[in-house]
Protein chains: 2
Amino acid sequence: MGTKQQITERIGSLLRESKLSVTETRTRILELFMKSSGALEHSDFEKLAGKSFDRVTVYRTLQTFLDKGIIHKIPTTDTSVRYALCKSECSEHDHHDHHIHFKCEECGNTICLEETDVPQIHLPKGYAAHNVEVVVSGVCKSCK
Amino acid sequence: MGTKQQITERIGSLLRESKLSVTETRTRILELFMKSSGALEHSDFEKLAGKSFDRVTVYRTLQTFLDKGIIHKIPTTDTSVRYALCKSECSEHDHHDHHIHFKCEECGNTICLEETDVPQIHLPKGYAAHNVEVVVSGVCKSCK
DNA sequence: ATTTAATTTGCAACATTGTTGCAAATTTAT
DNA sequence: ATAAATTTGCAACAATGTTGCAAATTAAAT
């Protein structure tokens with residue numbers, strides 16, 4: 001994971017690559033993503049940071065990160081949306097998850113299973129698939 | 001699909017089987033589900049009905065239907081949640097979708113593809129799967 | 001068919017979540 | 001160091017979801 005200094009460096013490059021100003025809020029939100037083991041909900045950001053962020057800024061920051069392909073959304077059956085960092089293969093105009101998501105019913109954590117490919121789905125005739133979202137729920141490694 | 005009379009009959013039985021009172025609101029919400037080709041969002045109910053429902057009643061009615069296994073939720077990456085009727089194999093205590101969902105990017109409609117089975121997912125060691133949600137997005141039959 | 005008991009509904013009030021405009025502050029470019 | 005561009009925080013608002021409670025409706029009992 002690297003020292004705090006190194007992480008800050010990496011975040012800086014990431015933001016500059018995406019042609020975004022390097023601001024404190026953006027840096028701290030990306031830090032939270034990197035520190036966290038799983039996906040984050042919107043409400044997490046207002047809590048997780050020592051000093052709390054402005055709600056509006058968080059909304060705008062997450063939207064910006066989505067636009068730039070830095071993070072992706074994970075669908076849920078409740079009202080919340082969860083966000084996780086994208087791997088390097090994502091970019092502003094080519095933004096696909098090639099992995100599935102796992103939600104643990106015990107700890108509530110949602111994680112990206114990078115090693116697990118999205119399955120091929122054979123749709124009925126006449127349907128064209130652009131994207132496949134898979135969310136598995138169950139019990140995770142740590143909760144077993 | 002049957003006459004309006006027959007539908008009302010069927011809805012009555014469905015409610016009684018689930019040990020729910022047969023009320024006007026419940027009947028009309030189930031009618032909307034039966035008439036509709038796809039999944040419904042919460043906001044649809046307040047619009048779709050000629051005379052509008054009370055918001056609170058809709059929330060409570062949908063929750064009741066979920067509890068009884070009459071409808072199921074479909075996950076989305078936006079804040080909304082969509083609901084669709086369950087087939088007969090669902091019940092109060094055994095409530096699984098054995099099908100996948102398709103969201104059309106053109107018409108915005110979400111439908112259940114009953115014929116298309118949920119794929120087997122091979123999780124990494126240590127993970128136990130209880131449920132698998134698959135939502136495919138793309139272009140549907142009618143919009144092609 | 002009435003009456004009673006249980007359930008459901010609608011309203012008010014509130015809590016949470018998400019959005020927009022704009023001035024002040026910060027960051028980047030010169 | 002200064003100017004230009006971007007980002008932030010605040011206020012105000014809109015939309016969405018929740019809770020308690022009295023009135024209305026439905027189901028059950030006589």
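A note on names: the letters A, B, ... follow the listed sequences, proteins ahead of strands, and every chain is numbered from 1. Both backbone and side-chain heavy atoms feed into the values below; hydrogens, waters and symmetry mates do not.
When each of D117(B), V132(B), T116(B) is tested with I100(B) by the rule side chain to side chain contact (heavy atoms under 4.5 Å, CB included), just one qualifies, namely T116(B).
In this structure, Q5(A) places its CD atom where only 12 or fewer heavy-atom neighbours from other residues, nucleotides or ligands lie under 6.0 Å away.
With rounding to whole Å, Q63(A) atom CD is found 15 Å from dT17(C) atom C1'. L15(B) places its CG atom 10 Å from the P atom of dT8(C), with the value rounded to the nearest Å. One can place CZ of F53(A) at 16 Å from P of dT7(D), the figure rounded to the nearest angstrom. In this entry the distance linking CZ of R16(A) with C1' of dA29(C) reads 14 Å, nearest Å. Rounded to an integer number of Å, the gap from K19(B) NZ to dT8(C) C1' is 19 Å. Taking atom CZ of residue F45(B) and atom C1' of nucleotide dT9(C), one finds them 17 Å apart after rounding to whole Å. Rounded to an integer number of Å, the gap from L62(A) CG to dT7(D) C1' is 15 Å. Nucleotide dT8(C) holds its C1' atom 12 Å from the CZ atom of F65(B), rounded to whole Å.
One N or O on the side chain of H72(A) and one on the backbone of A84(A) form a donor-acceptor pair closer than 3.5 Å. S21(A) places no side-chain N or O within donor-acceptor distance of the main-chain N or O of T23(A), the cut-off being under 3.5 Å.
When the side-chain nitrogen and oxygen atoms of T57(B) are compared with OP1 and OP2 of dG10(C), one or more of them lie within a distance under 4.0 Å. A close approach under 4.0 Å does not occur between any side-chain nitrogen or oxygen of S43(B) and OP1 or OP2 of dA15(D). A sub-4.0 Å separation between OP1 or OP2 of dT27(C) and a side-chain N or O of T23(A) is absent. Here S21(B) does not reach the OP1 or OP2 of dT7(C): none of its side-chain N or O atoms lies under 4.0 Å away.
If you find the closest nucleotide of DNA chain C to L20(B) and to T79(B), the one lying nearer the 5' end belongs to L20(B).
Residues satisfying the salt bridge (charged side-chain N to carboxylate O under 4.0 Å, His left out) criterion with K19(B), sequence neighbours excluded, are absent altogether.
When each of dA27(D), dT8(D), dT28(C) is scored by its nearest atom to the side-chain atoms of V22(B), the top-ranked nucleotide is dA27(D).
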| task | Take F45(A) and T61(A) through the test side chain to side chain contact (heavy atoms under 4.5 Å, CB included) and record every step on the way to the result. | result | CA-CA 11 Å; F45(A) 297 102; T61(A) 303; over 6 Å; no
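Listed by first and then second residue, the ring pair (Phe, Tyr, Trp, His ring centres under 6.0 Å) pairs involving residues 5-30 of chain B amount to none (not counting sequence neighbours).
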Under 3.5 Å, N/O pairs linking protein and nucleotides 18-24 of chain D:
none

